[in-house]
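Have a look at the structure below, then the notes.
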2 protein chains.
Amino acid sequence: MTKAGQGAAVPAERGGRAPNRREDVIRAAAELIGERGFDGTSMRDIARAVGMLPGSLYYHFASKEELFLALHEHAVARYHAALDAALEGLRDPWDRLEAAVRAHLRELLGSRNLLAIVRPDAAGGDPAVAARVRAERDAYDQRIRDLVAALPLAPGVDRGLFRLMLLGALNWTPVWFREGRRTPDEIAAAFVAMLRAGAE
Amino acid sequence: MTKAGQGAAVPAERGGRAPNRREDVIRAAAELIGERGFDGTSMRDIARAVGMLPGSLYYHFASKEELFLALHEHAVARYHAALDAALEGLRDPWDRLEAAVRAHLRELLGSRNLLAIVRPDAAGGDPAVAARVRAERDAYDQRIRDLVAALPLAPGVDRGLFRLMLLGALNWTPVWFREGRRTPDEIAAAFVAMLRAGAE
DNA sequence: AGCGTCACCAAACAATCGTTCGGTTGCCGC
DNA sequence: GCGGCAACCGAACGATTGTTTGGTGACGCT
């Protein structure tokens with residue numbers, strides 16, 4: 001969670017006075033990259049959003065890709081925390097799945113600063129970056145896999161495709177979702193209900 | 001289909017000798033943009049892929065965005081054609097849906113030069129481009145909507161969310177699909193089967 | 001033979017990109 | 001009150017971006 005990786009010298013949390021501008025940068029970058037993409041967002045855009053000069057970003061992050069990595073770690077941590085809170089106290093497998101879907105969708109479509117770091121190919125083509133992104137993503141994926149494994153499904157149902165279908169439908173929602181029509185919770189409930197009725 | 005828009009002066013199909021390099025450019029651009037994104041693909045990359053100099057592209061296309069528009073039109077036309085062929089002769093609503101899903105997935109994951117122009121936000125932020133892209137996409141979307149409308153679903157099922165769930169699951173497949181494991185046809189059949197069992 | 005125009009080359013343009021680096025401020029501990 | 005460091009400024013660097021412009025060879029038509 002608060003572990004900072006292995007390469008860069010990260011100031012971490014020091015004296016309490018100056019509030020973490022580093023987190024401000026991450027949040028601003030998440031919002032911008034979330035809506036304009038990685039390549040579509042320049043360092044100057046991010047710097048302007050937090051009221052800094054472009055070069056000053058390099059005090060906090062060694063490169064644009066490392067900024068993205070920190071951002072991605074931050075976002076995935078939020079998804080994990082949301083999942084923890086959603087599952088607390090629930091024991092019925094279907095209830096747990098629906099709660100997880102609800103948490104996922106709420107985080108994904110949530111109000112502003114959505115940090116929709118959904119696209120795995122968001123960062124540039126650097127394979128080292130892609131590997132670290134995939135690793136963090138897989139850890140979250142495994143938890144969904146466990147939730148699906150606990151479901152009492154009919155014998156013929158492929159649990160792998162079940163999970164991929166559900167996650168695909170969820171992760172595509174930012175493309176068509178518009179506020180005011182349906183709430184994330186309604187969508188989550190409907191998606192789970194459709195799958196449940198057929199696969200149980 | 002072969003209509004070229006309203007702005008640029010397009011050579012169209014003239015003398016038979018020189019085969020259309022213009023289509024070569026579109027195909028190469030589709031492949032590159034499909035795997036590296038719009039911003040991640042430069043005009044020089046595209047020019048190199050077809051053996052031309054960067055400036056020569058501007059004989060065929062007025063700008064990078066117009067090249068993308070031509071590319072998008074080309075890709076959507078392929079989806080329409082695949083859908084036409086798939087639906088031919090089928091009358092049962094569920095058979096028609098499964099055939100459509102199969103065609104869509106085969107086009108989306110198909111061998112090489114996949115022209116996976118799935119992301120609506122692929123082009124740069126220009127709203128005029130986004131509008132034209134959305135228009136072409138909506139026409140295709142409407143055909144799926146019609147297919148869903150013909151299904152004999154249970155009264156409580158929201159056909160809108162039914163379609164969005166299916167299309168979301170489909171359009172997300174390029175993220176996790178790897179050749180050699182499951183064929184597009186298997187995935188298509190499984191997705192439709194899951195939805196059918198629950199919603200019928 | 002000569003004119004036109006199709007399709008392209010060759011070379012550059014300004015703008016923007018990620019990034020570097022020396023300097024400057026403000027606060028803390030001693 | 002003074003060294004030290006965290007956090008940032010100010011200004012530039014080279015590379016790459018989309019695009020323009022003038023020229024040029026091949027070919028069709030008359």
Side-chain angles (χ1 to χ4, degrees), chain A residues 4 7-29 32-33 36-72 122-126 128-129, chain B residues 4 7-29 32-33 36-72 122-126 128-129:
Chain A
V10 176
E13 30 197 308
R14 284 187 53 85
R17 182 192 62 274
N20 265 4
R21 297 298 303 294
R22 187 176 192 268
E23 300 242 334
D24 291 355
V25 173
I26 289 183
R27 266 189 288 270
L32 289 175
I33 292 181
R36 307 216 286 252
F38 181 79
D39 289 319
T41 305
S42 71
M43 289 286 133
R44 286 167 176 82
D45 292 336
I46 299 171
R48 194 181 315 118
V50 293
M52 294 201 319
L53 289 175
S56 305
L57 293 175
Y58 288 83
Y59 173 77
H60 297 284
F61 306 96
S63 69
K64 188 186 183 184
E65 290 179 349
E66 285 225 27
L67 195 166
F68 174 78
L69 255 57
L71 186 166
H72 187 268
D126 190 343
V129 175
Chain B
V10 176
E13 31 198 306
R14 283 188 51 86
R17 182 191 63 275
N20 264 4
R21 298 297 304 297
R22 188 176 192 269
E23 301 244 333
D24 292 354
V25 173
I26 289 182
R27 266 188 289 270
L32 289 174
I33 292 180
R36 307 215 286 252
F38 181 79
D39 289 318
T41 305
S42 71
M43 290 285 135
R44 284 165 178 82
D45 293 336
I46 299 171
R48 194 181 314 120
V50 293
M52 295 201 321
L53 288 173
S56 305
L57 293 175
Y58 288 82
Y59 174 76
H60 298 284
F61 306 95
S63 69
K64 188 184 183 185
E65 290 180 349
E66 285 226 27
L67 195 163
F68 175 78
L69 255 57
L71 186 167
H72 188 268
D126 190 342
V129 175

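Chain letters run A, B, ... following the sequence lines, proteins first and then strands; every chain starts at 1. Computation of the quantities below employed the complete heavy-atom set of this structure, encompassing side-chain atoms and omitting hydrogens, waters and symmetry-equivalent molecules.
- Distances shown here put every side-chain N or O of R21(B) at or beyond 4.0 Å from the OP1 or OP2 atom of dA7(C).
- One atom, NZ of K64(A), and another, P of dC17(C), lie 8 Å apart when rounded to the nearest Å.
- Distance check: F68(A) CZ to I46(A) CD1 gives 11.0 Å after rounding to the nearest 0.5 Å.
- Remark: the backbone N or O of H60(A) is not paired with any side-chain donor or acceptor of R21(A) at under 3.5 angstrom.
- In this structure, the side chain of N20(B) does not engage the main chain of R22(B) through any donor-acceptor pair within 3.5 Å.
- Atom CG of D39(A) and atom P of dG18(D) are 11 Å apart (whole Å).
- Distances shorter than 4.0 Å separate some side-chain N or O of S56(B) from OP1 or OP2 on dC9(C).
- In this structure, the separation between NZ on K64(A) and CG on L57(A) is 11.0 Å, given to the nearest 0.5 Å.
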Next item on the list: Start with the C-alpha gap between Y59(A) and V25(A), add the side-chain angles, then the distance that decides, and say whether side chain to side chain contact (heavy atoms under 4.5 Å, CB included) holds.
Entry: CA-CA 11 Å; Y59(A) 173 77; V25(A) 173; over 6 Å; no
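- Taking all atoms of both residues into account, the shortest heavy-atom contact from G40(A) to D45(A) is O-OD2, 4.1 Å.
- Computed from coordinates, the L53(B) CG to dA12(C) P distance equals 14 Å when rounded to whole Å.
- Distance from the side chain of Y58(B) is smallest to dT19(D) among dT19(C), dC8(D), dT19(D).
- Distance, L57(B) CG to dA7(C) C1': 12 Å, rounded to whole Å.
- Listed nucleotides dT19(C), dC8(D), dA7(C) differ in distance to Y59(B); the shortest reach to its side chain belongs to dA7(C).
- At whole-Å resolution of the value, CG in N20(B) and C1' in dC6(C) are 12 Å apart.
- Remark: R44(B), G51(B) in residues 42-51 of chain B come within less than 4.0 Å of DNA chain C through at least one heavy atom.
- Going from atom NE2 of H60(B) over to atom P of dT5(C) covers 18 Å, rounded to whole Å.
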